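Within every chain, numbering begins at 1; the chains are lettered A, B, ... in the order of the sequence lines, protein sequences first and strands thereafter. The shown structure was predicted, so the numbers you read here are calculated from the model rather than taken from an experiment.
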Amino acid sequence: MSNAVPPPESPRFRFAPSPTGFFHVGGARTALYNWALARHLGGRFVLRVEDTDEARNRPEWTQGILDALAWIGISPDDPTFEGPYFQSANAAEHVAAAERLYEAGLAYYCDLTGEQVQERAKASGTPGYDGYSRDRGLEPGPGRVLRFRVPDGAVIVNDAVRGRVEFDSANIEDFVLLRGNGTPMFLLANVVDDLSMRITHVVRAEEHLPNTPKQQLLWEALGARPPQWAHVPVLVNEQRKKLSKRRDKVALEQYRADGIVADAMVNYLMTLGWAPAGDTEIVPWERIQAEFRLEDVNHSPAFFDVKKLLAFNGEYLRMRSVDEFIAESDAWLPPEWDRATYAQVAELVQTRVPTLADVAPMVDFLFLDQPEIDEAAWTKAMKPEWARPLLIDVLDAFGQLAERGEWNAGVLKTTLEGIGTTYEVKPGKAQAGLRVAITGRSVGPPLYEPIELLGADESLRRIRAALERPEPS
RNA sequence: GCCCCCAUCGUCUAGUGGCCUAGGACACCACCCUUUCAAGGUGGCGGCACGGGUUCGAAUCCCGUUGGGGGUGCCA
């Protein structure tokens, strides 16, 4: 973590999450955008935890943010990283700025309660605060909020992704700076912090765009030049609504726990609203960092498609060497399973799993005393009239192989195929019963390597056990 | 309601006035490979929301319509 002050000309980006107990994938994308830019431009990525709402303030949640960021490659050990800072620590500064505004006549106190503001709005038919106390010259006092005196005219926001956006200040109400209890509001705190941290680029989600004219006005009132704004489209669900904690799976931690790997997640997130040049979207972070530009970010909301995430994940898993795959999947296996055995089938698993969480269920039969036989699978495999006699022949033939000490995948395979031929059954059908007997399921990795690994005794025992099952009625 | 943003295959996108007969990826379908399932290979389906302009020429520029989204707190 490096908090030394960089040269003033270098760009300073910031990521300002509020702790909520989990890390939103949309937040992850925003953080990644900021990170890519900061690193590419040789600037700083400032992390500021916006913890001013007491309801959203638990120390362990900050650690969650740090962990999540580190997982996607945004590490405090990197010199680009600065922070974390805590907004709550700057409260005095926020209040001081507000008082400066008041003294300069750019803000005024108002004694209306929230309900009263609403009543007046309802009565007049115009929504929002009507500027009731603008010229009443109220002094500060308990219960009185400090409101910003929004100047007349247009506010032009220059946005790196959207271009020029114009707001008429007639539509911007005199918003609250300080609550009745004297504590600062988000808009104020956010601006004062960005200002004092000398932030040059504010890259955040589109939901903040309506706030921007207010914040820009604050920057100017505080005597500073506003930063470069950039509002990136929100992430939406299948119903095209903003991803929400209630309805949707939005926690980065959850995807991680479900076996999504970080590089796949990062790559996928970066392609939501943006695409690298060329014919493939699967590109290493180095290229993303080199190519990413705010000007190229799409303007419309992007659907967070788990199916495509899974496709990316599978692709990334397959890009790994077998050894890497083995090491990475280790944590998803019960500790008592024999790693040497697993290592021998890992390669067969690697091309078959979309996530790391899918590994264990695919190889469990190698480690369980008696894998549970899937009833439907067994019934289906035993349906043809040749199925049972064929499996009995397999049992005999395999038994002989075992006696001759010829227990290896190659021989097992040709033996099975030979028996299939005598029944005029293709290998695919011939192996069905054997597969269920050994693995308990109708689908799985290639069969003969595992059977070799399992050993003759156990394999033959499983075939006998299956054969002894009651006939399906 | 008001303010703001947006609009290319089902989805994510390329495209910045002629290179577009609109390209890629995911999904889907077919075939090949194959001991199941995957993976891989080949091929296919499928889109510029609509209406007006501007221009020799428009997915690209302008206007309108429609349709989505976001915001509208003494939350952040």
Side-chain N,O ([X]) to OP1/OP2 ([N]) below 4.0 Å:
{"X": "A/Arg352", "N": "B/U36", "value": "no"}
{"X": "A/Lys413", "N": "B/U35", "value": "yes"}
{"X": "A/Arg164", "N": "B/C4", "value": "no"}
{"X": "A/Thr271", "N": "B/C12", "value": "no"}
{"X": "A/Lys426", "N": "B/U35", "value": "no"}
{"X": "A/Arg318", "N": "B/G40", "value": "yes"}

Any idea which of [options] is nearest the [X] side chain?
{"X": "A/Phe186", "options": "B/G71, B/A76, B/C12", "result": "B/A76"}
{"X": "A/Arg240", "options": "B/C5, B/U11, B/U35", "result": "B/U11"}
{"X": "A/Thr52", "options": "B/A76, B/C12, B/U36", "result": "B/A76"}
{"X": "A/Glu173", "options": "B/C6, B/G73, B/G71", "result": "B/G73"}
{"X": "A/Thr351", "options": "B/C74, B/C5, B/A38", "result": "B/A38"}
{"X": "A/Lys242", "options": "B/A25, B/U36, B/G70", "result": "B/G70"}
{"X": "A/Phe303", "options": "B/A76, B/A27, B/C12", "result": "B/C12"}
{"X": "A/Thr113", "options": "B/A7, B/C74, B/U35", "result": "B/C74"}

Separation between the [atom1] atoms of [N] and [M], rounded to whole Å:
{"N": "B/G44", "M": "B/C5", "atom1": "P", "value": "42 Å"}
{"N": "B/C62", "M": "B/G23", "atom1": "P", "value": "25 Å"}
{"N": "B/A58", "M": "B/C4", "atom1": "P", "value": "31 Å"}
{"N": "B/A27", "M": "B/C19", "atom1": "P", "value": "31 Å"}
{"N": "B/G24", "M": "B/C9", "atom1": "P", "value": "16 Å"}
{"N": "B/G43", "M": "B/A7", "atom1": "C1'", "value": "32 Å"}
{"N": "B/A38", "M": "B/G15", "atom1": "C1'", "value": "35 Å"}
{"N": "B/A39", "M": "B/C32", "atom1": "C1'", "value": "14 Å"}

Checklist entry - So, do A/Phe86 and A/Arg48 sit near enough that their side-chain heavy atoms are less than 4.5 Å apart? => result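 Heavy-atom side-chain distance check fails, nothing below 4.5 Å.
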Next on the checklist: For B/G71, does the base pair up with any side-chain atom of A/Glu206 as donor and acceptor (N or O, under 3.5 Å, distance only)?
Outcome noted: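 Answer is no: no donor-acceptor pair is held.
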Next on the checklist: Looking at A/Lys308 and B/A25, is any side-chain donor or acceptor paired with a base atom of the opposite kind under 3.5 Å?
Outcome noted: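 Result: at least one qualifying N/O pair found.
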Checklist entry - So A/Phe398 and A/Trp407, would you call those rings parallel, tilted or perpendicular, with 30° and 60° as cut-offs? => result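 Ring orientation, 0 to 90° scale: perpendicular.
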For the pair made of [atom1] in [X] and [atom2] in [N], what is the distance, rounded to whole Å?
{"X": "A/Phe167", "N": "B/G70", "atom1": "CZ", "atom2": "P", "result": "16 Å"}
{"X": "A/Phe175", "N": "B/U72", "atom1": "CZ", "atom2": "P", "result": "14 Å"}
{"X": "A/Tyr448", "N": "B/C37", "atom1": "OH", "atom2": "P", "result": "13 Å"}
{"X": "A/Glu449", "N": "B/U36", "atom1": "CD", "atom2": "C1'", "result": "13 Å"}
{"X": "A/Leu209", "N": "B/U72", "atom1": "CG", "atom2": "P", "result": "12 Å"}

Next on the checklist: Is the distance between the ring centroids of A/Phe312 and A/Tyr268 under 6.0 Å?
Outcome noted: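 Centroid separation for A/Tyr268 and A/Phe312: below 6.0 Å.
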Item to check | Closest-nucleotide ordering on RNA chain B, the 5'-leading residue of A/Val353 and A/Pro210 | outcome: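 Its nearest nucleotide being more 5', the pick is A/Val353.
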Have a look at [X] and say if it touches a base, only the backbone sugar-phosphate, or nothing, with a 4.0 Å heavy-atom cut-off.
{"X": "A/Gly420", "result": "nothing"}
{"X": "A/Asn298", "result": "sugar-phosphate"}
{"X": "A/Gln350", "result": "nothing"}
{"X": "A/Leu188", "result": "nothing"}
{"X": "A/Ala275", "result": "sugar-phosphate"}

Checklist entry - Got a second to check how far A/Gln116's CD is from A/Tyr129's OH, nearest 0.5 Å? => result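 Reported value, rounded in 0.5 Å steps: 10.5 Å.
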Next on the checklist: Side chains of A/Arg179 and A/Thr183 only: does a donor on one sit below 3.5 Å from an acceptor on the other?
Outcome noted: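 A pair is found: one side chain offers a donor N or O, the other an acceptor, under 3.5 Å apart.
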Checklist entry - Going by atom types only, do A/Asp51 and A/Ser88 share a side-chain donor-acceptor pair under 3.5 Å? => result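 A/Ser88 and A/Asp51 do have a side-chain donor-acceptor pair below 3.5 Å.
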Checklist entry - With both distances under 3.5 angstrom, what nucleotide forms a Watson-Crick or G-U wobble pair with B/A7? => result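 WC or wobble partner is B/U66.
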Item to check | Chi angles and distances behind the salt bridge (Lys or Arg N to Asp or Glu O under 4.0 Å) call for A/Glu206, A/Arg162 | outcome: CA-CA 10 Å; A/Glu206 191 193 345; A/Arg162 278 152 219 285; 3.6 Å; yes
Checklist entry - Just by distance, do the side chain of A/Thr439 and the backbone of A/Phe365 share a donor-acceptor pair under 3.5 Å? => result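 Not a single qualifying donor-acceptor pair exists.
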